[in-house]
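Proteins get letters first, then strands, A, B, ... in listed order; numbering begins at 1 in each. Keep in mind the model is a prediction, meaning the values are calculated, not measured. Computed over heavy atoms, backbone and side chain alike; hydrogens, waters and symmetry mates excluded.
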Amino acid sequence: MQLKLYDTLTREKRVFEPIDPKRVRMYVCGPTVYDFAHIGNARPVIVFDVLFRLLRHLYGEQHVTYVRNITDVDDKINARAAERGISIRELTEDTYKNFKDDVAALGCLEPTVEPRATEHIEEMKTLIDRLVASGHAYVAEDHVLFSVPSMQDYGRLSKRPLDDMIAGARVEVAPYKKDAMDFVLWKPSKPGEPSWPSPAGIAAEGRPGWHIECSAMSWKHLGETFDIHGGGIDLVFPHHENEIAQSRCAFHTGTMANYWMHNGFLQVEGEKMSKSLGNFVTIRESLERWPGTVLRFQMLKTHYRQPIDWTRKSTETAALELGVFENFTQFVGDRPGELPNELIDALADDLNTPLAISVLHKLAEECRKSGDPWSKAACDLKASCKFLELDLSNVSHRKIYERQHGKIDEDKIKRLVDARAVARTKRDWKESDRIRDELAAMGVVLKDSKDGTTWEIAR
RNA sequence: GGCCACGUGGCGGAGUGGUUACGCACCGGUCUGCAAAACCGGGUACGCCGGUUCAAUUCCGGCCGUGGCCUCCA
């Protein structure tokens with residue numbers, strides 16, 4: 001088995017070879033903490049959590065370092081804090097806490113390091129000074145700008161030849177830029193905005209541009225060159241392109257990260273998720289209706305590079321499938337299980353989670369055939385679900401029903417079931433069916449067997 | 001306008017130059033007072049038009065459609 005990952009830079013699947021197998025290093029762009037995270041934000045978090053787990057499995061838990069940053073300095077943050085009349089620190093702390101809770105509910109491990117932009121201002125300034133010193137950046141009107149023409153092969157990641165970009169650009173070019181493509185490394189702060197002493201000999205205080213933080217934080221925690229850099233596909237340009245430019249030019253290396261991985265975008269009910277359409281789905285509100293496992297599973301049912309149409313129906317189907325797994329594994333307890341090779345192979349093939357899930361279904365099929373609640377297949381299924389962190393403890397129809405409709409009245413159901421049993425012994429089918437209909441209206445379905453009647457919540 | 005993806009059966013969704021993905025739904029059966037659940041069995045696919053090939057859903061070209069990036073964005 002060998003791990004293969006699709007690399008956006010080379011546009012091909014390549015065998016993964018870590019720089020140092022004793023210290024595999026991955027950096028993923030994390031949230032800007034100004035509002036509840038939405039289901040689209042959840043995608044990279046879940047996808048790279050699976051990769052993190054796989055890497056830990058392959059290289060050992062102690063040998064993988066996963067860095068996911070927190071962006072806590074940003075215009076949107078400033079605006080939102082002012083809007084809510086709270087301090088920036090309050091807003092970012094509060095939002096970060098919510099994010100942390102949300103992704104924990106989605107079954108994601110905490111990254112090894114979760115660095116904050118505001119705690120890496122010194123590293124950013126160091127990088128900026130280096131870039132200025134080496135002629136890759138310049139100062140203009142208290143800004144520091146990266147000089148894109150100073151880097152020969154700028155645009156390789158996004159496959160954007162410089163000429164084309166300039167021709168197609170619809171950005172208004174700031175007058176102090178030497179070149180239309182140059183981007184901000186540092187900018188002066190307006191009154192009331194967060195500010196720090198500036199680099200590059202600028203007297204006025206300022207704050208960092210967006211891209212420099214990731215170059216600084218990945219450098220600090222992973223070094224000049226590392227193994228994997230991930231994020232949403234929308235970050236390819238300009239964010240990752242600019243990170244590459246900053247890091248490579250600051251360190252005079254040809255490579256920032258050896259594998260660039262990008263997850264696909266997500267739509268909601270066939271439409272782009274946007275505030276104007278009012279179809280923003282936050283993780284928080286989804287978790288009110290569904291266990292995190294269902295959302296995680298729904299996400300993993302699609303390969304990470306494919307687009308996902310996030311629909312109510314697919315959430316329901318995901319819950320249904322997990323209910324089957326729960327059913328077959330409910331008696332396993334602590335019995336150990338093995339991970340099928342096919343499961344690991346599927347994941348090792350560029351994180352083919354849909355194929356991995358088909359392995360789970362095959363195990364479920366074996367459980368069905370064996371008829372033994374403690375079968376090896378059941379143990380393996382449980383272990384496999386655990387490996388993907390599919391927590392089955394909250395996915396039964398009943399638990400989901402209660403989450404959505406409140407606690408069910410068990411005593412009332414029992415009374416009705418008993419009344420129906422009496423009617424049935426009298427062969428009073430009319431009354432018996434009437435009671436069954438009444439229960440059905442409450443979402444309860446009955447199962448008659450030789451040993452009596454059991455009930456459960458309808459799917 | 002420039003660049004980049006994607007288009008598989010009713011739905012979701014892998015994959016492959018020739019042989020069953022898988023799941024959900026659906027249909028038939030067993031069971032049942034009738035049901036339900038469960039179990040057994042079943043069918044349907046590869047956007048359109050060309051090309052390459054003994055053979056294409058799979059490779060190449062064109063077209064159409066959808067989405068993304070080029071501005072904050074996962």
K.L.:
Using a cut-off of 4.0 Å on non-hydrogen atoms, how would the nucleic acid contact of A:Tyr304 be classed: base, sugar-phosphate, or nothing?
P.N.:
nothing

K.L.:
Using the P atoms only, state how far B:C39 lies from B:A25, rounded to an integer number of Å.
P.N.:
12 Å

K.L.:
So, using side-chain contact (heavy atoms from CB on, under 4.5 Å) as the criterion, who are the partners of A:Tyr96 when residues are at least two apart?
P.N.:
A:Val33, A:Ile70, A:Lys100, A:Glu114, A:Arg116

K.L.:
Taking CG from A:Leu439 and C1' from B:A36, how many angstroms apart are they, rounded to a whole number?
P.N.:
12 Å

K.L.:
Specify the separation, in whole Å, of atom CG of A:Asn69 and atom C1' of B:A74.
P.N.:
12 Å

K.L.:
Which part of the nucleic acid does A:Asp309 contact within heavy-atom distance under 4.0 Å: base, sugar-phosphate only, or nothing?
P.N.:
nothing

K.L.:
Is it true that A:Asp433 and A:Arg436 make a salt bridge, defined as a side-chain N closer than 4.0 Å to a carboxylate O?
P.N.:
yes

K.L.:
Charged N to carboxylate O under 4.0 angstrom, A:Lys187 versus A:Asp142?
P.N.:
no

K.L.:
Considering only the P atoms, how many Å lie between B:C60 and B:G68, rounded to the nearest integer?
P.N.:
25 Å

K.L.:
Using centres under 5.5 Å plus planes under 30 degrees as the test, is A:Phe265 stacked with B:A74?
P.N.:
yes

K.L.:
Return the value, rounded to whole Å, for the distance between atom CD of A:Glu12 and atom C1' of B:C4.
P.N.:
17 Å

K.L.:
May I have the distance from A:Trp310 (atom CH2) to B:G68 (atom C1'), rounded to whole angstrom?
P.N.:
19 Å

K.L.:
Can you name the side-chain contact (heavy atoms from CB on, under 4.5 Å) partners of A:Lys414, sequence neighbours left out?
P.N.:
A:Glu410

K.L.:
NA contact type, A:Leu446, heavy-atom cut-off 4.0 Å: base, sugar-phosphate, or nothing?
P.N.:
base

K.L.:
What one-letter contact string describes nucleotides 21-27 of chain B from 5' to 3', where B marks a base within less than 4.0 Å of any protein heavy atom, S marks contact via sugar-phosphate atoms alone, and - marks no contact?
P.N.:
BSSSS--

K.L.:
Could you tell me how far apart A:Arg420 (CZ) and B:A35 (P) are, to the nearest whole angstrom?
P.N.:
13 Å

K.L.:
Sticking with atom P, work out how far B:C59 lies from B:C26, rounded to a whole angstrom.
P.N.:
35 Å

K.L.:
Looking at the side chain of A:Lys447, which of B:A37, B:C72, B:C34 is the nearest nucleotide?
P.N.:
B:A37

K.L.:
Start at the 5' end of RNA chain B and walk down; is the nucleotide closest to A:Asp349 or to A:Tyr6 reached first?
P.N.:
A:Tyr6

K.L.:
Once you apply a heavy-atom cut-off of 4.0 Å, does A:His303 come out as touching a base, just sugar-phosphate, or nothing?
P.N.:
sugar-phosphate

K.L.:
Just to be sure I understand the rule, does A:Arg11 reach a base, reach only the sugar-phosphate, or reach nothing, if contact means heavy atoms closer than 4.0 Å?
P.N.:
sugar-phosphate

K.L.:
Can you tell me the distance, in whole Å, between the CD1 atom of A:Ile283 and the C1' atom of B:A74?
P.N.:
10 Å

K.L.:
Just checking A:Gly231: base, sugar-phosphate only, or nothing, at a heavy-atom cut-off of under 4.0 Å?
P.N.:
sugar-phosphate

K.L.:
Could you work out the separation of B:U53 and B:G1 based on their P atoms and round it to a whole Å?
P.N.:
36 Å

K.L.:
Would you mind telling me which of B:A74, B:A14, B:A35 lies closest to the side-chain atoms of A:Met273?
P.N.:
B:A74

K.L.:
Check step by step if side-chain hydrogen bond (donor to acceptor under 3.5 Å, both in side chains) holds for A:Tyr176 and A:His143.
P.N.:
CA-CA 9 Å; A:Tyr176 47 80; A:His143 292 69; 3.1 Å; yes

K.L.:
Let me see the working for A:Ser247 and A:Ser215 under side-chain hydrogen bond (donor to acceptor under 3.5 Å, both in side chains), right down to the final yes or no.
P.N.:
CA-CA 6 Å; A:Ser247 293; A:Ser215 288; 3.0 Å; yes

K.L.:
For the residue pair A:Val395 and A:Phe325, establish whether any side-chain heavy-atom pair is separated by less than 4.5 Å.
P.N.:
no

K.L.:
Can you tell me how far P in B:G67 sits from the matching atom in B:G13, rounded to whole Å?
P.N.:
16 Å

K.L.:
Please work out if A:Asn352 contacts a base, only the sugar-phosphate, or nothing of the nucleic acid, heavy-atom cut-off 4.0 Å.
P.N.:
sugar-phosphate

K.L.:
Say you pick atom C1' in B:A14 and the same atom in B:C24; how far apart are they, in whole Å?
P.N.:
15 Å

K.L.:
Only one of A:His221, A:His120, A:Glu213 passes side chain to side chain donor-acceptor pair (under 3.5 Å) with A:Asn69; say which it is.
P.N.:
A:Glu213

K.L.:
Which dot-bracket string describes RNA chain B (Watson-Crick N1-N3 plus N6-O4 or O6-N4, or G-U N1-O2 and O6-N3, all under 3.5 Å; [ ] crossing; | other strand)?
P.N.:
(((((((..(((.....[...))).(((((.......)))))....(((((..]....))))))))))))....

K.L.:
Please determine whether a side-chain nitrogen of the Lys or Arg among A:Arg84 and A:Asp94 lies less than 4.0 Å from a carboxylate oxygen of the Asp or Glu.
P.N.:
yes

K.L.:
When you compare B:G28 with B:G43, how far apart are their P atoms, in angstrom units rounded to a whole number?
P.N.:
15 Å

K.L.:
State whether the distance check finds a donor on one side and an acceptor on the other, under 3.5 Å, for side chain A:Asp448 versus base B:C34.
P.N.:
yes

K.L.:
With sequence neighbours left out, what residues match A:Ile233 under side-chain contact (heavy atoms from CB on, under 4.5 Å)?
P.N.:
A:Val236, A:His262, A:Phe265

K.L.:
Rounded off to whole Å, could you give me the CG-to-P distance for the A:Leu51 and B:A74 pair?
P.N.:
20 Å

K.L.:
Measure the distance from CD on A:Gln267 to P on B:C6 and round it to the nearest whole Å.
P.N.:
15 Å

K.L.:
Which nucleotide in the list B:C70, B:C34, B:C39 gets nearest to the side chain of A:Pro238?
P.N.:
B:C70

K.L.:
Would you please name every residue forming a side-chain contact (heavy atoms from CB on, under 4.5 Å) with A:Asp35, sequence neighbours left out?
P.N.:
A:Arg80, A:Lys275

K.L.:
For B:G23 and B:G9, measure between their C1' atoms and round to the nearest Å.
P.N.:
13 Å

K.L.:
I want to confirm an ordering. Mapping A:Gly264 and A:Asp433 to their closest nucleotides on RNA chain B, which one lands closer to the 5' end?
P.N.:
A:Asp433

K.L.:
Which is true for A:Ser432 with a 4.0 Å heavy-atom rule: it touches a base, it touches only sugar-phosphate, or it touches nothing?
P.N.:
base

K.L.:
Ion pair present between A:Glu342 and A:Lys362, side-chain N to carboxylate O less than 4.0 angstrom?
P.N.:
no

K.L.:
Considering only side-chain heavy atoms of A:Thr302, which listed nucleotide, B:G67, B:G13, B:C70, is closest?
P.N.:
B:G13

